[in-house]
Amino acid sequence: MSSEFKQEQKRVGRVMEVIAEQIRKYEEETSNRQSEVVNIRKHFWDEVKVNTDTFDDYLETVISLRQQGQALAVSQNTHKHAAKRLDTLRRMQQVPYFGRIDLTEEGLSTQEQIYIGISSLMDENGIDFLIYDWRAPVSSVYYDYEPGPAQYSTPEGMIQCQLEKKFQYLIRNGELQSMFDTSLTIGDEILQQVLGKGTNKHMHSIVATIQQEQNRIIRHDRKRMLIVHGAAGSGKTSAALQRIAYLLYKYRDSLNADQVILFSPNAMFNSYVSNVLPELGEENMQQVTFQEYLYHRLGKDFQIEDPFDQLEYVLTAKNTPSYQSRVSSIRFKASTRFYEVIKAYREQLESSGMVFKGISFKGASIVTAEQIAEEFYSSDPAIGFYNRLENLRDWLMKQVKKAQKLEWTKPWVEEEIELLDDEEYLKAHNYLAKKSGYDRESTADYEMDTEALARLIVRRNFKPLRKHIQEFRFIDIKGIYKQLFEGSLQIEQWMEGDVPSEWKDICRATLKALDEGEIFYEDATPFLLLTELIQGFQTDRSTKHILIDEAQDYSPFQFEFLKRLFPLARVTVLGDFNQAIFAHAHETKDFTILTDLYGEDQTEVINMKRSYRSTKPIIEFTRRLIPNGEQIIPFEREGELPKLTQVADHTELHRSIESKVATLKSQGYNSIAIICKSAEESKRAYEALSSIEDIKLLKKGSPEYEQGVVIIPTYLSKGIEFEAVIIYDASEHLYGDESLRRVFYTACTRAMHHLQLYSVGEPSSFLNETLQEGLIQAT
């Protein structure tokens with residue numbers, strides 16, 4: 001053992017002692033603070049004098065309440081920060097740091113050793129840094145430079161320095177196992193160890209193996225939108241989550257996790273990535289799917305098709321008569337052209353076309369839909385669309401108020417009064433007494449006026465109607481949207497000749513769904529946009545950053561909508577158009593269209609071409625499946641060739657898969673995915689393979705990613721990796737259409753170490769080139 005290694009082991013021991021001492025201190029502090037919080041809550045009212053006899057007494061009560069509230073808030077906040085630091089220190093006990101850089105700043109003669117870990121650590125005196133946080137400005141040198149001239153950015157400006165040496169450490173449970181002096185950006189030794197491991201049910205942070213291109217993503221802070229277009233397995237998602245951790249660290253005084261939203265592909269993916277930020281000592285951001293947002297906004301009025309049902313239709317219904325018109329509908333309604341149609345339609349509504357719902361009470365009309373339309377279009381257009389609607393709302397409230405007065409003496413009011421029970425009668429009595437100026441002690445002296453009670457009964461019955469008007473629900477958005485497809489509008493005037501040849505069929509299917517209380521997924525965002533353009537946009541100005549993963553699955557229309565929804569947010573977009581499996585993205589090859597959202601000067605694109613997830617033989621195989629796949633660079637991690645087994649029928653297929661799963665388990669693989677083309681095929685496969693021990697079927701509603709043997713449709717597997725992947729049926733029968741190339745590629749790129757393809761009959765023509773070149777082993 002070298003003297004340097006002994007010295008470094010000694011340093012690790014010293015650092016572990018400091019961490020242990022700080023853990024002891026924070027355990028004591030969190031315990032004390034917890035007791036303090038409990039005590040304040042328990043005796044909160046003992047310390048508050050409640051007296052409202054005079055104004056001065058009332059003021060003293062308010063001040064006393066505020067002081068107690070502030071004391072409680074301070075204690076809770078202090079406890080929260082102490083507990084968070086304690087959690088970080090406990091993780092540092094396992095791996096206190098993973099890297100070191102020796103550098104000399106320009107103008108100085110002394111060399112400084114910078115040790116890098118998941119969080120900063122000061123020495124016993126609180127003077128010197130024993131460990132620097134991986135997000136600290138100086139730590140970027142570790143990720144970005146080989147020994148030689150280097151620089152890093154600080155709030156005071158750019159610091160020039162000379163990187164003398166760079167080390168990597170492998171420390172486990174406080175023991176230094178190995179260290180490497182490397183001139184590479186990140187030495188392959190540790191990266192090979194990390195990539196060679198298995199998986200578990202959560203993605204983990206990998207700050208020790210961040211690559212230079214990933215570091216560019218993490219620390220990017222110049223422009224409004226960052227677009228990351230990366231190959232499957234390039235580490236896009238991991239880098240983006242670490243980017244959020246970096247931003248929360250850099251802007252810790254002005255940015256918190258609640259102001260960051262991750263739009264993820266499905267709930268299972270949310271579970272899969274939920275561990276990354278807590279591992280880095282940060283709270284998790286808000287996580288939501290776009291479908292969940294649509295349901296929140298439209299779920300009360302419609303049965304909304306979700307994107308997976310839409311995709312399931314595209315993958316399985318090719319032989320149905322309406323297939324072509326539906327696919328055409330999906331593509332058209334996802335386009336920026338349709339976005340412009342919606343905006344043009346909204347402008348026309350200023351002069352004609354608004355549809356309203358009449359206002360009635362107990363079956364009797366107060367104002368008809370025609371009267372509302374007449375009132376709206378008789379108002380002066382110069383005052384603006386929204387102001388006209390607000391004036392219309394005020395006018396309707398007046399009509400309702402008039403109608404209320406006519407109801408006071410009607411028989412139904414007297415009947416309701418007679419049906420009031422004692423409790424309801426007492427509540428009404430006290431309410432009217434208070435309104436008449438009686439205080440709590442003298443309400444018994446109030447003699448309730450029958451007419452006042454009748455008015456109260458009528459007003460309460462009219463309350464839902466007033467709310468209905470206040471929320472603009474007298475506007476028939478559904479009727480307005482339907483007009484686009486009813487032929488009376490001549491929508492073609494806004495399409496500039498870009499009219500789908502199946503337009504009549506599209507109109508017929510859209511109207512049928514709406515009439516049945518359903519809305520296609522491709523209609524949901526346009527419908528919501530039209531609603532917002534009419535009633536006023538419900539913007540979210542508190543969110544400061546949104547992260548959109550699997551962005552190739554979002555339509556241009558949806559991106560335009562998200563821009564309007566989050567007008568102040570910065571945006572990080574992650575995607576790979578080789579995995580663009582939704583129908584609307586059939587011809588799209590990159591994110592060029594997104595540069596128009598904020599303009600080229602506010603948009604930066606980073607392309608990630610190196611893939612780390614799979615072994616080199618698997619990547620060599622998968623990159624041949626797609627156009628321009630030669631641009632994908634495999635990481636040098638050896639493994640076995642993917643295998644293709646052709647079987648005669650499904651009976652032989654299931655027997656072979658059962659045998660293969662048993663073999664893979666015996667070889668130590670813990671996560672094995674049997675990937676099917678669709679949910680329909682997944683269900684059939686699950687029923688046939690149910691004899692496999694603990695096999696699970698993952699569906700669109702599955703709340704979390706499961707370990708073990710799983711059966712999963714292609715579109716749910718995106719973003720997730722498995723130690724071994726079995727492609728259930730890679731036959732020409734299933735994957736013979738060119739439109740499925742990206743679906744097939746996506747499924748194959750889920751494999752980390754082992755990839756087995758089966759084919760019932762003739763294999764897919766997608767495999768021809770790989771078979772000819774010997775990139776897949778036929779067995």
Side-chain angles (χ1 to χ4, degrees), residues 203-206 210-248 260-266 268-277 280 284-291 307 543-556 558-559 562-563 566 569-582 585 588-595 597-598 602-613 631-632 715-721 742 745-746 749-750:
M203 176 186 282
H204 291 280
S205 64
I206 50 169
I210 291 169
Q211 304 293 286
Q212 185 175 14
E213 60 183 359
Q214 294 167 335
N215 198 43
R216 280 181 63 206
I217 295 165
I218 292 166
R219 294 174 190 264
H220 177 274
D221 202 18
R222 295 181 297 279
K223 299 184 178 180
R224 177 82 181 271
M225 172 179 269
L226 172 64
I227 298 172
V228 181
H229 191 196
S234 58
K236 300 183 293 296
T237 301
S238 180
L241 293 172
Q242 286 162 147
R243 166 170 168 71
I244 297 302
Y246 170 77
L247 293 173
L248 290 171
V260 182
I261 297 178
L262 166 64
F263 279 93
S264 60
N266 53 59
M268 188 169 60
F269 183 86
N270 283 345
S271 166
Y272 181 57
V273 302
S274 63
N275 217 39
V276 176
L277 286 178
L280 298 172
N284 252 327
M285 69 195 100
Q286 299 181 67
Q287 293 175 245
V288 68
T289 65
F290 192 72
Q291 175 68 11
T543 296
K544 295 184 177 179
H545 205 107
I546 62 172
L547 188 73
I548 302 173
D549 204 355
E550 301 294 346
Q552 72 279 352
D553 296 344
Y554 287 70
S555 70
Q558 289 170 329
F559 275 112
L562 287 170
K563 178 187 175 182
F566 301 102
R570 289 175 171 264
V571 185
T572 300
V573 168
L574 318 165
D576 174 16
F577 270 100
N578 288 318
Q579 299 179 65
I581 62 178
F582 281 85
T588 317
K589 294 181 175 61
D590 55 39
F591 287 111
T592 305
I593 194 167
L594 292 188
T595 58
L597 276 179
Y598 301 102
Q602 283 299 310
T603 304
E604 180 153 339
V605 180
I606 295 177
N607 289 300
M608 301 178 71
K609 297 180 179 179
R610 186 176 293 275
S611 181
Y612 301 94
R613 173 186 297 138
Q631 296 178 8
I632 299 171
Y715 48 81
L716 288 185
S717 70
K718 288 203 307 177
I720 301 175
E721 56 193 26
R742 289 169 168 177
Y745 169 79
T746 299
T749 53
R750 302 305 95 202

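Along the sequence shown, residues carry numbers from 1.
- Distance check: Thr237 OG1 to Leu574 CG gives 5.5 Å after rounding to the nearest 0.5 Å.
- Between the side chain of Lys609 and the backbone N or O of Gln631 there is no donor-acceptor pair closer than 3.5 Å.
- The two residues Ala232 and Tyr745 have their closest heavy-atom pair at CB-OH, 3.8 Å.
- Glu213 and Arg610 are not joined by a salt bridge, as no carboxylate oxygen comes within less than 4.0 angstrom of a charged side-chain nitrogen.
- A salt bridge does not link Glu604 with Arg224: every distance from a Lys NZ or Arg NE/NH1/NH2 to an Asp or Glu carboxylate oxygen is 4.0 Å or more.
- Donor-acceptor pairing under 3.5 Å is lacking for the side chains of Asp549 and Ser264.
- Between Ile217 and Leu226 there is a side-chain heavy-atom pair separated by less than 4.5 Å.
- In this structure, Lys563 is positioned above the aromatic face of Tyr598, its NZ or CZ under 6.0 Å from the six-membered ring centre and within 45° of the axis.
- You'll find the side chain of Phe559 reaches within 4.5 Å of the side chain of Ile548, heavy atoms only.
- Evaluated for a side chain to side chain contact (heavy atoms under 4.5 Å, CB included) with Arg243, the options Gln214, Arg219, His545 yield exactly one hit, His545.
- Note: Thr749 OG1 to Asp576 CG = 7.5 Å, rounded to the nearest 0.5 Å.
- Between Arg750 and Ser717 there is a side-chain heavy-atom pair separated by less than 4.5 Å.
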side-chain contact (heavy atoms from CB on, under 4.5 Å) between Gln552 and Gln579, intermediate numbers included: CA-CA 7 Å; Gln552 72 279 352; Gln579 299 179 65; 4.0 Å; yes
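- The shortest distance between side-chain heavy atoms of Leu594 and Ile227 falls below 4.5 Å.
- Nearest approach of Ala551 to Val573, heavy atoms of both residues: CB-CG1, 3.2 Å.
- In this pair, Phe263 and Tyr554 present their aromatic rings perpendicular. The plane angle is above 60°, beyond the 30 to 60° band.
- Glu721 and Arg613 are joined by a salt bridge, as a carboxylate oxygen and a charged side-chain nitrogen come within less than 4.0 angstrom of each other.
- A donor-acceptor contact shorter than 3.5 Å is absent between the side chain of Ser611 and the backbone of Ala231.
- Here the straight-line distance linking atom CD1 of Ile632 with atom CG of Asn578 works out to 5.5 Å at 0.5 Å rounding.
- Between Met285 atom CE and Leu547 atom CG the span is 6.0 Å, to the nearest 0.5 Å.
- Put simply, the side chain of Val260 does not reach to within 4.5 Å of the side chain of Lys544, judged on heavy atoms.
- Summarising the geometry, atom CE belonging to Met225 is positioned 11.5 Å from atom NE2 belonging to His220; distances are rounded to the nearest 0.5 Å.
- Phe566 is not listed as a side-chain neighbour of Val571, based on a closest heavy-atom distance of 4.5 Å or more.
- The CZ atom of Phe290 sits 12.5 Å away from the CG atom of Asp553 when rounded to the nearest 0.5 Å.
- Proximity of Leu597 to Thr603: side-chain heavy atoms (C-beta onward) are nowhere separated by under 4.5 Å.
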